[in-house]
Amino acid sequence: MTRIIHTLAPALAFTLVAEAAVAACQIEYKAKRENPFELFYDVTTVNAPCPAAEAALRAQLAKQGLTLLKVMSKKEK
């Protein structure tokens with residue numbers, strides 16, 4: 001029994017650390033609002049891995065009535 005625990009404990013610890021490391025992505029972007037017409041430039045942190053961060057940001061901006069125009073840069077945080 002203790003042999004199983006000694007074998008599985010490092011694997012479990014590695015899994016927990018790996019999940020925490022994929023926490024966030026910092027995105028620099030441009031967005032717009034139509035009525036009244038406004039342009040926005042901002043840098044924000046999205047709680048998603050960088051490959052999925054653009055979609056998460058697009059949904060977040062849509063809730064504010066904004067349309068994503070361009071992602072300038074992405075950086076793992």
Could you list the donor-acceptor pairs under 3.5 angstrom formed between side-chain atoms of residues 48-75 and any protein atom two or more places apart in sequence or on another chain?
unit_1 : atom_1 : unit_2 : atom_2 : d
E54    : OE2    : R58    : NH2    : 3.1
S73    : OG     : E28    : OE1    : 2.9

Sequence-distant partners of K32, salt bridge (charged side-chain N to carboxylate O under 4.0 Å, His left out), two or more places apart: E34

Between NZ on residue K77 and SG on residue C25, distance to nearest 0.5 Å: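 Output value for this atom pair is 10.5 Å.
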
Stepwise side chain to side chain contact (heavy atoms under 4.5 Å, CB included) test for Q26 and V43: CA-CA 7 Å; Q26 186 175 10; V43 177; 3.2 Å; yes

